[in-house]
Amino acid sequence: MYRSAVAARLLRDTAAAQKGSGWLSSLNHSRRFAHSLPFATVDAEELLGARPAEVQNLVQGKWGGSSRWNTIVDPLNGEPFIRVAEVDEKGIKPFVESLSNCPKHGLHNPFKLPERYLLYGNISSKAGHMLSLPKVSDFFARLIQRVSPKSYQQALGEVQVTQKFLENFSGDQVRFLARSFGVPGNHLGQLSTGFRWPYGPVAIITPFNFPLEIPVLQLMGALYMGNKPLLKVDSKVSIVMEQMMRLLHYCGLPEEDVDFVNSDGKTMNKILMEANPRMTLFTGSSRIAEKLAVDLNGRVKLEDAGFDWKILGPDVGEADYVAWVCDQDAYACSGQKCSAQSILFMHENWAATPLLSKLKELAERRKLEDLTVGPVLTVTTEAMLDHVNKLLKIPGAKLLFGGKPLENHSIPSIYGAVKPTAVYVPLDEILKHGNYELVTKEIFGPFQVVTEYKKSQLSMVLEALERMHAHLTAAVVSNDPLFLQARLLIIRVLKPSWILQEVIGQSVNGTTYAGLRARTTGAPQNHWFGPAGDPRGAGIGTPEAIKLVWSCHREIIYDIGPVLQLWEIPPST
């Protein structure tokens with residue numbers, strides 16, 4: 001059985017095994033100075049049952065506790081190791097007042113305190129530099145591992161994406177987000193000008209699986225545009241963002257600009273109903289997203305669940321690489337990514353290759369010792385295996401690999417622990433009524449469905465895509481341009497006829513990768529990440545995403561004259 005010290009040593013060994021060369025060689029040296037970090041109040045290796053860390057709330061510029069403490073257990077051994085000060089319904093008044101006191105025109109806008117655009121450019125520059133320091137990036141990577149176990153490289157990758165994002169919005173880049181435009185009017189003195197305008201009081205709710213990247217990117221986007229956010233992160237991982245808030249304060253973030261709350265869902269819902277924020281960003285399950293959309297009268301932006309698909313086209317090549325990407329997409333972070341590969345549509349040409357055997361080999365080399373597979377924080381072992389068994393009752397279905405619990409561990413039973421799993425289901429069976437809903441149920445763990453299609457069955461694949469409800473990420477693994485997109489064929493009589501309006505032309509997913517190296521996961525900071533097909537869809541990472549989610553359009557029409565000297569009052573109209 002794991003002890004707390006053993007769990008901490010596991011993370012040290014994982015980092016050492018994966019650090020490679022370069023600046024990470026200073027890793028062991030930096031550990032001795034964890035407490036020397038000027039912002040940090042915890043150490044990842046000292047989150048022990050005997051000395052649990054505490055997570056506080058921030059409201060109206062002051063950190064504080066609560067009369068109610070929620071104990072978080074170590075996902076590797078079940079020992080209580082973090083105490084979170086969770087606000088209950090009796091303690092929401094300061095948070096409601098803080099949001100309510102923010103005007104609708106925001107903390108800044110193009111006409112109000114524009115110097116704050118420069119302030120946030122400087123904050124981003126300093127915070128980006130801090131995260132670039134090996135001892136700081138290592139601090140956050142190991143802290144992420146403690147609360148949302150994943151391999152060191154996966155955790156470090158989250159820190160690096162966040163660092164690059166902050167660098168991207170340094171200097172004048174925040175000011176450029178509020179760029180306006182002008183259109184000539186109908187007469188002298190008239191000019192129509194469009195501005196990006198903040199919402200003012202806003203709320204941000206983020207999940208457990210990316211405890212640093214998602215909240216930081218959305219929080220900073222909200223602040224850049226002039227909003228005052230109330231941030232709530234899943235309590236299981238909120239210690240990561242609490243430490244990041246302290247880093248941002250150290251880098252110059254005004255303490256009154258952001259409120260940070262820990263609470264259960266019911267209490268947070270009450271805060272939203274009473275404070276009435278002008279916009280709420282929610283990242284998480286579709287069920288809660290739909291409830292919030294109703295409760296908040298549609299004033300939401302959503303980045304909800306994703307049953308994400310990958311299609312392998314007819315052109316076979318680089319089988320080792322494609323298998324490796326499939327393994328990463330389906331099983332990295334134990335499948336706990338909203339962009340994880342949920343279903344693989346494999347052209348019959350690929351079925352004749354060793355692809356599946358390679359995929360099985362890659363999946364089976366994942367192990368708890370290096371956290372390349374680990375605890376599943378929202379689905380129990382029994383629930384995942386029950387889903388597998390239901391799928392195997394479909395005619396023609398078979399277990400490709402996995403389908404068994406992890407062995408020799410002390411992961412608490414409230415979490416899931418299964419081997420990376422794939423179940424094959426025939427395409428024609430997937431489309432049948434009753435089967436489709438079961439097959440496309442998102443399992444937020446190391447699980448995927450695999451199926452095969454023939455050239456004549458591509459229309460069935462497209463039908464399966466059309467019937468899906470979540471359209472987050474997707475991948476079309478093909479270098480065949482005729483397969484990737486629609487083309488216009490000029491036939492002998494010179495009549496244009498659209499044919500092969502294939503995968504890209506007949507699908508919706510907001511972040512779609514196309515080409516031999518296509519993937520569904522691993523989005524960097526340099527492109528849009530978010531769903532499509534829903535007017536409530538929220539993006540993340542890019543200037544376009546920030547402007548869409550965290551500002552609205554305001555048009556100001558200057559009409560200063562002059563009035564013609566001989567102008568007379570015209571007849572009534």
Side-chain angles (χ1 to χ4, degrees), residues 106 120 124 157-158 160-169 173-174 176-179 194 196-199 202-207 209-227 229 231-233 277-286 288-290 292-293 296 298-309 337-340 468-475 504 507-514 518-553:
Y120 274 98
S124 294
E158 183 176 344
Q160 291 172 334
V161 166
T162 305
Q163 181 236 328
K164 290 296 184 183
F165 169 86
L166 291 167
E167 287 182 348
N168 285 348
F169 292 97
Q173 298 308 311
V174 175
F176 291 156
L177 288 171
R179 188 190 302 271
R196 300 311 302 178
W197 215 256
Y199 291 104
V202 299
I204 303 170
I205 304 172
T206 63
N209 55 335
F210 285 88
L212 183 73
E213 180 182 339
I214 294 177
V216 171
L217 268 60
Q218 294 292 14
L219 174 69
M220 297 307 290
L223 290 167
Y224 293 156
M225 301 312 295
N227 302 288
L231 173 64
K232 178 195 174 333
V233 181
R278 303 300 298 171
M279 209 285 289
T280 295
L281 178 282
F282 175 79
T283 304
S285 77
S286 296
I288 298 175
E290 294 299 335
L292 284 175
L296 301 176
R299 294 192 302 274
V300 294
K301 287 290 184 180
L302 307 176
E303 196 264 273
D304 55 358
F307 188 84
D308 306 298
W309 50 264
K337 295 183 179 183
C338 54
S339 56
M468 293 178 186
H469 299 292
H471 304 291
L472 184 54
T473 69
I504 292 179
S507 59
V508 179
N509 296 47
T511 303
T512 302
Y513 297 88
R519 63 191 193 275
T520 65
T521 67
Q525 69 291 331
N526 64 307
H527 70 61
W528 163 282
F529 182 86
D534 187 334
R536 305 167 301 178
I540 192 170
T542 63
E544 292 76 18
I546 292 172
K547 287 183 279 189
L548 172 79
V549 175
W550 294 116
S551 68
C552 57
H553 181 89

Please give me the minimum heavy-atom distance between [X] and [Y], naming the atom from each residue.
| X | Y | answer |
| --- | --- | --- |
| G530 | T511 | N-OG1, 3.1 Å |
| P531 | A538 | CD-O, 3.2 Å |
| P524 | Y513 | CD-OH, 4.3 Å |
| L472 | C338 | CD2-O, 3.3 Å |
| P207 | V233 | O-CG1, 4.2 Å |
| A523 | E213 | O-OE2, 4.3 Å |

How far does [atom1] of [X] sit from [atom2] of [Y], to the nearest 0.5 angstrom?
| X | Y | atom1 | atom2 | result |
| --- | --- | --- | --- | --- |
| L217 | I546 | CG | CD1 | 7.5 Å |
| L177 | T542 | CG | OG1 | 9.5 Å |
| N509 | T520 | CG | OG1 | 10.0 Å |
| M279 | L296 | CE | CG | 10.5 Å |
| H469 | H471 | NE2 | NE2 | 8.0 Å |
| L302 | I288 | CG | CD1 | 11.5 Å |

With a 4.5 Å cut-off on side-chain heavy atoms, are [Y] and [X] touching?
| X | Y | value |
| --- | --- | --- |
| V300 | F282 | no |
| P543 | F169 | yes |
| Y199 | R299 | no |
| I205 | L292 | yes |
| Q173 | N168 | no |
| F529 | T473 | yes |
| S286 | F307 | no |
| P211 | E158 | yes |

Self-check item: Stepwise salt bridge (charged side-chain N to carboxylate O under 4.0 Å, His left out) test for E290 and R536
Solution: CA-CA 10 Å; E290 294 299 335; R536 305 167 301 178; 2.9 Å; yes

Self-check item: T162 and F210: CA distance, side-chain angles, deciding distance, side chain to side chain contact (heavy atoms under 4.5 Å, CB included) verdict
Solution: CA-CA 11 Å; T162 305; F210 285 88; over 6 Å; no

Quiz prompt | Stepwise side chain to side chain contact (heavy atoms under 4.5 Å, CB included) test for K301 and L548 | solution = CA-CA 9 Å; K301 287 290 184 180; L548 172 79; 4.2 Å; yes

Practice problem: Check whether any side-chain N or O of Q218 sits under 3.5 Å from a backbone N or O of G539 as a donor-acceptor pair, and report yes or no. | Solution: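 Between the backbone of G539 and the side chain of Q218 there is a qualifying donor-acceptor contact (under 3.5 Å).
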
Quiz prompt | Counterpart residues, side chain to side chain contact (heavy atoms under 4.5 Å, CB included), relative to S551 (two or more places apart) | solution =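 For S551 the side chain to side chain contact (heavy atoms under 4.5 Å, CB included) partners, ignoring immediate neighbours, are R196, M225, K547.
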
